[in-house]
Amino acid sequence: MSNIVAIQNIADYIGQEVTIQGWLYAKTGKGKIQFLQVRDGTGIMQAVLFKPNLPPEIFEAGKRLTQESAVVVRGVVKENGRAPGVPGGFEIDTADLQVVQLSQEYPITPKEHGVEFLLENRHLWIRSRKQWALLRIRATVMRACREWLDTHGYVEMSTPILTPAAGEGTSTLFEVDYFGDTVYLAQTGQLYNEANIYSFGKVYCFGPTFRAEKSKTRRHLTEFWMIEPETAYQDLDGLMEMEEQFVSHVVQRVLQERRPELEVLERDIRMLENVTPPFPRVSYDEAFERITKIREESDDPELKELLKLEWGDDFGSPHETELTKLYDRPIFVYGFPTVCKAFYMEPWPNRPEVCKSVDMLAPEGYGEITGGSERISDPDLLLKRIHEDNLPEEAFTWYMDLRKYGSVPHSGFGLGIERTVAWIAGTHHVREANPFPRTLGRVYP
Ligand code: 4AD
Ligand code: MG
């Protein structure tokens, strides 16, 4: 058998005979010629069957192929500049075709399908070009996240998924029966990372995260992936500097490595090219004023209703959307009211109603992709906040210990992978940024 080659590397094989192992994506042709669009997981390309050059049974087998049949194609690689719309610019002049399995009638055809149907068939939908492109970008985003942290002194630490207490508020906990006791699926690895920094200085965890979110928005999954760095001796300013470096690296990496996928998605990449430090820093108070002004000046009653806001409220999706429209790159919103954020956030000096939190909002209306803060390092203050939030003190004994033995100012953030991928890939619903999304209404397949 000749060289087995991945379609993404096909340009290196012009004039050579190669073998492609894949599946039939689509087929056209008539008379003496058949054009097969073959995908192999790394890309998609055309294999041409020309009747006079082939044994009759091979040409006939090609004609009978159904969508998603498994095929192995052998032939010489040629440049194909002539056919617009043919992916890749290369084709194989087929010398042999092996049908590994003739597919049954495939439910997802090139016609339009409803999104519920597609989600019900997610195990098949992931083969479609756009979903393929999105999930390839997701893999690059995940790798680029690790890459930046691994080369900046961060040590990866796994944090538990079965946890005894809430990390991010009690309203979104999934309960699990643990031999008769109730434990919860992790909402964050942060609290454990706060222990880890005292051994390793700079750490991160990366894994699935669970929130029993009763919201049906395009931004909420019940299971999503989050990467959470935590850094000892880092204040809020240091945190923002780190986040902008980190996110810029991720976006630039995708631009370098995933151009074909961004093209499949028809993503306008100009706003991605802007993603370089520094990102604008906007205080909550300033953001609050700007949103209030937009609301007052709007003559759209629906928008006015959506943008209702009182000082102390967390921003919702409509507020973030309006705010990000004012900028050409991601922004930081820092200094949120203490009441709308988690118990562990360091208060602003001389302004305890505000805390040293920061969210990063992605442009073009995408909104929050990271949430983070400087953490409380003082034991008495932390205990006071645990009481104020009615959290069970016993479950936090170990966490309180961290403030007794060498406590230092420290900070960290969590970046949601699906929201980040949805933004970079330019798709509005986070469910397409996860291979098998879990939402309020769906845990199948
Ligand atoms: O803002 P969050 O809740 O922050 C934390 O969990 C902190 N403990 C992180 C830290 O400081 N180590 O969540 C962080 C990010 C959000 O900005 C968002 O991108 C994503 O996680 N996220 C979700 N993504 C999809 N579906 C949901 N239900 C999400 N909830 C949060
Ligand atoms: Mg948040």
Side-chain angles (χ1 to χ4, degrees), residues 138 141 145 149 154 157 159 163 165-174 184-197 202-231 234 236 239-240 242-243 246-247 250 284 313-317 319-320 324 330-334 336-337 340-346 355-362 366-376 399 410-424 428-434 437-440:
R138 174 188 168 100
V141 165
C145 285
L149 293 167
Y154 284 78
M157 280 291 129
T159 52
T163 59
E168 286 296 321
T170 48
S171 63
T172 62
L173 287 170
F174 275 116
Y184 309 98
L185 295 180
Q187 298 169 308
T188 172
Q190 177 199 322
L191 308 197
Y192 296 96
N193 273 343
E194 289 185 61
N196 291 333
I197 55 163
K202 298 171 164 189
V203 298
Y204 68 98
C205 62
F206 195 5
T209 307
F210 303 89
R211 305 262 170 107
E213 304 263 16
K214 293 257 161 57
S215 36
K216 272 192 177 166
T217 75
R218 58 174 181 82
R219 311 199 302 171
H220 287 96
L221 297 172
T222 52
E223 177 180 329
F224 61 97
W225 277 63
M226 177 154 65
I227 189 158
E228 297 179 87
E230 190 76 22
T231 313
Q234 188 185 58
L236 184 67
L239 178 67
M240 288 193 261
M242 175 197 171
E243 283 193 43
F246 174 78
V247 168
V250 171
Y284 175 91
D313 293 344
D314 202 355
F315 296 147
S317 178
H319 307 109
E320 293 181 357
T324 63
I331 61 169
F332 291 114
V333 181
Y334 66 92
F336 281 77
C340 69
K341 291 288 176 189
F343 71 97
Y344 52 70
M345 294 190 183
E346 177 73 13
C355 63
K356 290 193 174 182
S357 67
V358 61
D359 283 0
M360 186 191 294
L361 311 187
Y366 284 93
E368 181 188 338
I369 55 168
T370 81
S373 69
E374 193 175 319
R375 325 301 191 189
I376 294 176
Y399 187 64
H410 60 285
S411 54
F413 70 96
L415 172 133
I417 292 296
E418 287 79 5
R419 288 197 193 169
T420 304
V421 171
W423 159 50
I424 294 175
H428 268 276
H429 207 299
V430 291
R431 66 189 164 206
E432 290 182 39
N434 183 297
R438 271 79 185 92
T439 52
L440 185 56

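Just so you know, ligand 1 is whichever comes first in the structure, and atom 1 is the first atom listed for that ligand.
Residues R138 and E418 are paired through a salt bridge, judged by an N-O separation under 4.0 Å between the basic side chain and the carboxylate.
In H220, the parts holding a heavy atom less than 4.0 Å from any atom of ligand 1 are both the side chain and the backbone. With a 4.0 Å cut-off on non-hydrogen atoms, W423 does not touch ligand 1 at all. Looking at F413 against ligand 1, only its backbone comes within 4.0 Å, counting heavy atoms. Of all the heavy atoms of T188, the ones lying under 4.0 Å from any atom of ligand 1 belong exclusively to the side chain. Contact annotation for R375 and ligand 1: only side-chain heavy atoms (C-beta onward) come within less than 4.0 Å of the ligand.
Of all protein atoms, those that are N, O or S and lie under 2.8 Å from the Mg ion (ligand 2) total 1.
At least one heavy atom of G412 sits closer than 4.0 Å to an atom of ligand 1. Within the 4.0 Å heavy-atom shell around ligand 1 one finds R219. The shortest separation from a heavy atom of E418 to ligand 1 is not under 4.0 Å, leaving the residue out of contact. For the ligand labelled ligand 1, residue V430 lies outside the 4.0 Å heavy-atom shell.
Set against the non-hydrogen atoms of M226, the atoms of ligand 1 under 4.0 Å away are 6 (O), 13 (O), 14 (C), 15 (C), 21 (O). If you number the atoms of ligand 1 from 1 as listed, the ones under 4.0 Å from a heavy atom of G414 come out as 9 (C), 10 (C), 11 (O), 12 (N), 14 (C), 15 (C).
One distance of note links CG of L191 with OG1 of T163; it measures 8.5 Å at 0.5 Å rounding.
Under the salt bridge (Lys or Arg N to Asp or Glu O under 4.0 Å) criterion, the residue pairs touching residues 216-225 are R219-E320, with sequence neighbours excluded.
When the heavy-atom distances from atom 2 (P) of ligand 1 to E194, R211, E213 are ranked, the shortest goes to R211.
Remark: aromatic rings of Y399 and Y344 are distant, center separation not under 6.0 Å.
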